[in-house]
Each structure stands twice: as C-alpha cells, then as structure tokens.
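Here's the structure we're looking at; comments come further down.
The residues of the chain are indexed from 1 along the displayed sequence. Every number for a ligand or one of its atoms is a count from 1 in the order of the listing.
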Amino acid sequence: MRHDHIISAKQLSRADIEEVLDRAAEVAADPEAFADRHENALLGLLFFEPSTRTKMSFTAAVKRLGGDVVDMGTVESSSVKKGESLADTVRVVEGYADALVLRHPSEGSAQMASEFVDVPLINAGDGAGQHPTQTLLDLYTIRESAGFDDLTIGIMGDLKYGRTVHSLAHALTTVDADQHFISPESLQLPRSVRYDLHEEGATIREHTELEPVLSELDVLYVTRIQAERFPDESEYRAVAGEYQIDAETLEAARDDLTVMHPLPRVDEIDHDIDGTDHAHYFQQAHNGVPVRMALLDLVLEGQR
Ligand code: NCD
C-alpha cells in the first residue's frame, strides 16, 4: 500500500482494501507470527473526542505488534487547554512517535494536520467527515459474513452526521455493492457525499422506511443518531428513538441477514437481537484489533 497518511476511505482502491483485509486475515489466523514485527514502534494517540473501541483497539494492535503508545490523554489534561493549535500539537508529537492516530471534532482536521507532519497520520474520525479505519474493519466483517459478490446492504440511521457511513459508502462503491440508505428525511446523506458517490458510479437508493427493502438485504448496518453533532437539541429530539430494530422486525429478514453497528449503540438495536445469529456487532468490534494490526503493519513497513 502506497499511502503515507490514511485520511479518507476515498483514497483506498480495491487492491488497497483487499491487501489490508488479507493481511488482517493472516494476523487473525496466527497473531503470534506478528508479535515482534514492530518492536519498539511508538504510536502517538491524539484523541480530542471520546473513544472506547477505536483508541483501545489501536493500543491493543500496536502492543500486539511489539510496540507501544504515547498518548496525549484527554484534552483537559493536555496543552490544548492552554490554547495550543492542532498544527503545533501534531508537529511536536511527531517527534515522539513513528505514526500518529488523530480523532478530532472538526471535519477536515485530519487532512489539515497531515500537511504538517512527515510520519504517517491515521484519521480516527474527523467530526462528521470520515472514519476510514472503522470502514476497514466493517469491510473485514462483511467479507467474512456475506462476502463482496452481489452484496446488497442497507445502511440505516444518522446518515447525515455519521462519519462511519460516509467512509463506508465510498468503500462499498469500490467493491460494487448495491446500497440502500434508510433514514428520516432530515438525516439523509449530505449532498456532497451523494454527489461523490454518483461520480464514483455508485448504485444507491434512499428510503425513509426499512420494511420495503429489508427482505433484499445481505447486511443491515445500523448507526446511532449522532446527538453531539446536532446544532439544535430540538432537532435531535425530533428524530431520537426512530429507526429501532428488534427480533420482531427481523422476522421479515433473510435468515442469514448480518446485522452490524459500529457501536456504541443507544437504543437502535434491541438486546433481544444480541443472542441471535444476525448479531455481528460485537465480533465487528473485535475485528478492530487484527484489522488495525494489519494496517499499522503495512503503514510502518512502508516507512522503513
Ligand atoms: C463511531 C464514531 O466514533 O464515529 N464509533 C466508533 O468509532 N466505533 C460511531 C459512533 O460514535 O456512533
């Protein structure tokens, strides 16, 4: 893979995607073989927004490759509190680490920050923009469960602010999937994303109800309404609690429907689905470790 920085799913070709997923499958089959692959490598963690899965799985990944993290910690405990700019922070931290992982509330921040550093910078979520490493673990999960051939996927929930959706939609276009987008009208895909998908030749359809398309789906990807991104709380309240699924909803689905969610969930997926064969979201979260190990392996290998 020939990328210094991993900023957007738009930069990933089909060959890039297959390379990361194949490497992740090798890691999952024999993690010990990768145990000292990047001894002494240091990954700089810059998380300006809350994170559980992304931060912990990046940490687990670099440690399982023989490396370690240097972590800025919370915004409150860092010099950001003193008014330091993002550009200055990344310029300093690149001197402490072999690669950087950045999560930030502003869309475009990862692209901007990457222009100030020479070490690889990985976007772990820039506001409502992109979340490309989530997409890679989503694709790994889809390839394992449903495969990419003749794939029909429904993506439901907050399509406007959900960065995991914006990244995933580009990658699904790259692997030629049929995409159905299900959301309230107020939370449809941003026009810019829809425009890019059309330019890339995507097959997409938009719906306000799940029911008419549910039986066609191989995968249903459910997302959380991104409360923290709404400029107006009343706008959030108007849509909160919509688009929930439970075991009864799935009676109309194919028996082999794969249900995914980037997590955290609030109330979109009822707990009565957790014990069914449809539920792939915890496995999906676990796939974050081999997939991020594979990505770090490729990115750090490229640095040598
Ligand atoms: C997602 C995110 O941060 O965009 N979480 C994650 O990384 N798994 C999804 C979300 O917060 O809803």
- Query: Which ligand 1 atoms, with their elements, are less than 4.0 angstrom from a heavy-atom of Thr54?
  - Reply: 6 (C), 7 (O)

- Task: Could you tell me how the ring of Tyr161 sits relative to the ring of Phe230: parallel (under 30°), tilted (30 to 60°) or perpendicular (over 60°)?
- Result: tilted

- Message: Whether Arg103 engages the ring of Phe47 as a cation-pi pair (distance to the six-membered ring centre under 6.0 angstrom, angle to the ring normal within 45°) should be assessed.
- Response: no

- Query: Within the structure, does Pro264 bring an N/O atom to less than 3.5 angstrom of an N/O atom in ligand 1?
  - Reply: no

- Going by the atom numbers of ligand 1, which of them fall below 4.0 Å from some non-hydrogen atom of His131? 2 (C), 4 (O), 6 (C), 7 (O)

- Considering the heavy atoms of Arg103, write down every atom of ligand 1 situated less than 4.0 Å from one of them. 3 (O), 7 (O)

- Message: side-chain contact (heavy atoms from CB on, under 4.5 Å), that's the test. Do His280 and Val259 meet it? Break it down for me.
- Response: CA-CA 6 Å; His280 284 252; Val259 176; over 6 Å; no

- Within 4.0 Å of some non-hydrogen atom of Leu263, the atoms of ligand 1 are 1 (C), 5 (N), 6 (C), 8 (N), 9 (C)

- For atom 11 (O) of ligand 1, what's the nearest protein heavy atom and its distance? Arg224 NH2, 2.9 Å

- Task: Using a strict 4.0 Å threshold on nitrogen-to-oxygen distance, state whether Arg254 and Glu216 make a salt bridge.
- Result: no

- Query: Will you find, in the side chains of His170 and Glu200, an N or O donor that is under 3.5 Å from an N or O acceptor?
  - Reply: yes

- Specify the protein heavy atom at minimum distance from atom 3 (O) of ligand 1: its residue, its atom name, and the distance to 0.1 Å. Arg163 NH2, 2.9 Å

- Message: Salt bridge check, Arg37 against Glu26: does any charged N sit closer than 4.0 Å to a carboxylate O?
- Response: no

- N/O to N/O below 3.5 Å, does that happen between Gln226 and ligand 1? yes

